[in-house]
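Take a look at the structure below.
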Amino acid sequence: MFDIKGTSTSKGPSETALRGGIWTTVSRVLVQVIQFGIFMVAVRVMRPEEFGIFALVAALILFLNQMATAGWSEYILHWKGAEDRLRQTLFLALVAGLVGSALGVSLSFFAHMFSDDPVVAWLARVLSASVVFTAVGATYSGVLIWQGRISVSAICILTGEMANFAVAVTSLLQGQGIMALAYGRLAGAIVTCGASMAASHLRPVVTTQLSLIAEIAVFSWNIMATRLLVTFRSYAATLMIGGFMGPAAVGIYRAGQRVVGAFEEILSEPARILAWSHFRKFHTTATPDQGFDEAARRYFPMLIYCAVPLFTGIAVMADDLIRGMLGADWTAAVPVVQVLAIAAFIRASSSASTPILSLVGKVGLLPRYVLLYSLISIACISVGAVFGVIATALSEVIAAVIVFVINARVMRIHADVRWPAILAGCWPVLPAVLAALPVPYLLIGTGPVAHLHPLVRFVGLGLCMLAVYAPVIAICDRSLRSAIGRKIRSLAG
């Protein structure tokens, strides 16, 4: 159905791209659901200490994954020549993966210097074994996309995650503990790699050309360095908390991050897609840096109106959320979730940064800002981790505020987006929140509500808060009220 350059022989390229995009989106959503499902089962059968040990070891192995994966896939995607170069790149990915796995296994023999638990060494070895399959599988995903088979790549990744879920959950229920999560990851990496290899019909070919190796290595270096920095930013709290407070504190913090992150993902991905669609309407080639202030005054208030009840509800009812999702053993994560919810709200507006900078022709600045924001986050977390998990969560709030201020200045310079005016226009949020906040406190003590399952109570009280919040917003915001009225009239007509 497809030729090797990715053009469909029976359908137009745009339809192929659309179908691939749909499959990729669906795959990502399902992967998130599967991974969260594994997390939910794991926290139900594991203690915080066990979960913390896995989080620490997995974070360290992730750095090996990023080094082994390098930029092989990106190099393939940028290649416009003969197919032989793809085969040679696959060989280099295989070598890098084997080196990464060997390094991880070698380091596992020193695990006793950091932990008396013998399972840590075996955990590191199993996770290290997955490095080679992850590196090769990621490279084969690039091959499939190069061949124009985006949907096939997405299906292979989803199939691997399904294998991860099946093995991990089965092993958890059989009492395998933290090793169950390692077995699942290894199984998922093997299945993804095998499926992608079979679908691509392409095999690695040995290359010893030093000039070629140097060319690919130079291309991959910047990508790998950026990924390592982003990975360190994402896992800085995990590593630093582990260094200062031990695996139990890591387990509590990672659980809180995972819960808030799931809700943050629900908001950020649609917000990013809508940002591309919305701001593109105001973009003109003649004046690429104009018109975005008007667009921002429409987009960001709607984003804030949606983000406020979501993260306010999480912060106010975190106890029910944690008890309902993770169980009573994880209540120490409640204050972490409450503070991280504030950080997530402050970060919500960043979903539009990439679309705006790309449309104004400043996409080349993104790596610099990623570096700056990463360094700010790492610096704040490194200070907070000294004082405990709550202080670490507060440091994420401080980092989010600093990044928001810098990002607002960047948007003002390059896209004429005026955040003071945007925030002033969001004043209806204040009376709406003040009206909705008393709702859970008034209802939670009543007989029927008090006896509900915590997760059901969280959802029910959240909907009650929303039932108060939304009408107040509509009453206070005249433009929103007018837009709703026009929509109702158009549907009625």
Side-chain angles (χ1 to χ4, degrees), residues 23-48 50-55 57-59 61-62 65 123 126-127 130 133-134 137 154-193 195 234-235 238 250-270 310 314 318 320-331 333-334 336-337 340-341 344 453-459 462:
W23 266 107
T24 300
T25 302
V26 171
S27 174
R28 286 182 179 178
V29 171
L30 292 178
V31 165
Q32 287 291 327
V33 171
I34 289 171
Q35 291 180 349
F36 195 74
I38 296 172
F39 166 73
M40 289 289 292
V41 176
V43 295
R44 287 289 182 176
V45 301
M46 293 166 59
R47 302 188 310 275
E50 293 177 304
F51 189 71
I53 289 173
F54 177 81
V57 177
I61 298 300
L62 184 58
N65 269 328
L123 176 65
V126 174
L127 289 174
S130 69
F133 298 103
T134 299
I155 291 171
C156 290
I157 293 171
L158 181 58
T159 303
E161 286 300 327
M162 292 172 65
N164 180 8
F165 180 86
V167 173
V169 171
T170 301
S171 300
L172 282 168
L173 296 178
Q174 290 178 349
Q176 297 290 327
I178 59 177
M179 292 303 301
L181 301 179
Y183 297 148
R185 290 204 178 183
L186 177 59
I190 292 172
V191 170
T192 299
C193 180
S234 301
Y235 288 88
T238 298
V250 172
I252 293 296
Y253 197 85
R254 280 297 294 163
Q257 278 187 319
R258 196 68 183 86
V259 170
V260 175
F263 288 94
E264 193 172 5
E265 189 74 22
I266 290 172
L267 179 70
S268 64
E269 189 61 20
L310 176 63
I314 293 172
D320 279 343
L321 179 61
I322 292 299
R323 289 179 182 273
M325 293 182 68
L326 310 184
D329 292 340
W330 294 83
T331 52
V334 170
V336 174
V337 168
L340 290 180
H453 184 276
L455 194 56
V456 176
R457 187 164 58 236
F458 170 81
V459 174

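Counting from 1, the numbers follow the sequence of the chain as shown. Note: hydrogens, waters and symmetry copies are ignored here, and every other heavy atom, side chains too, is used. What you are looking at is a predicted structure, and each value in this text was computed from that prediction instead of being measured.
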TODO: Step by step, work out the side chain to side chain contact (heavy atoms under 4.5 Å, CB included) result for Leu172 and Leu181.
DONE: CA-CA 8 Å; Leu172 282 168; Leu181 301 179; 4.0 Å; yes
Open item on the list: Met325 vs Val259, test: side chain to side chain contact (heavy atoms under 4.5 Å, CB included). Steps then yes/no.
Closed with: CA-CA 9 Å; Met325 293 182 68; Val259 170; 4.3 Å; yes
- [ ] Verify side chain to side chain contact (heavy atoms under 4.5 Å, CB included) between Met40 and Arg258, making sure each step is shown before the conclusion.
- [x] CA-CA 10 Å; Met40 289 289 292; Arg258 196 68 183 86; over 6 Å; no
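Not a single ring-ring contact (aromatic ring centres under 6.0 Å, His included) links Tyr235 to another residue, sequence neighbours left out. A search for side-chain hydrogen bond (donor to acceptor under 3.5 Å, both in side chains) contacts involving Arg323 returns Asp319, not counting sequence neighbours.
Phe263 has its side chain within reach of Ile314: a pair of non-hydrogen atoms, C-beta onward, lies under 4.5 Å apart. No side-chain heavy atom of Asp320 sits under 4.5 Å from any side-chain heavy atom of Leu455. Residues Val191 and Phe133 form no side-chain contact, since every pair of their non-hydrogen atoms from C-beta on lies 4.5 Å or further apart. Side-chain contact check for Gln32 versus Phe36: every heavy-atom pair is 4.5 Å or farther apart.
Summarising the geometry of Phe54 relative to Ala182, their closest heavy-atom pair is CE1-N, 4.0 Å, with the distance given to 0.1 Å. Across every non-hydrogen atom of Val126 and Leu186, the tightest pair is CG1-CD2, 4.1 Å. For the pair Tyr183 and Gln176, the tightest heavy-atom approach, listed with the atom from each and the gap, is CE1-OE1, 3.9 Å. Summarising the geometry of Leu326 relative to Ala255, their closest heavy-atom pair is CD1-CB, 4.0 Å, with the distance given to 0.1 Å. Considering every non-hydrogen atom in both Gly256 and Ala333, the closest pair reads N-CB, 4.5 Å.
Atoms CD1 and CH2, on Ile252 and Trp330 in that order, are 5.5 Å from each other to the nearest 0.5 Å. In this structure, Leu340 CG and Gln257 CD are separated by 6.0 Å, a value rounded to the nearest 0.5 Å. Note: Ile34 CD1 to Ile38 CD1 = 7.5 Å, rounded to the nearest 0.5 Å. Summarising the geometry, atom CD1 belonging to Ile53 is positioned 8.0 Å from atom CZ belonging to Arg47; distances are rounded to the nearest 0.5 Å.
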Please set out all donor-acceptor pairs under 3.5 angstrom arising from side-chain atoms of residues 158-169, sequence neighbours excluded.
| from | atom 1 | to | atom 2 | distance (Å) |
| --- | --- | --- | --- | --- |
| Thr159 | OG1 | Ile155 | O | 2.7 |
| Glu161 | OE1 | Asn164 | ND2 | 3.4 |
| Asn164 | OD1 | Arg185 | N | 3.4 |

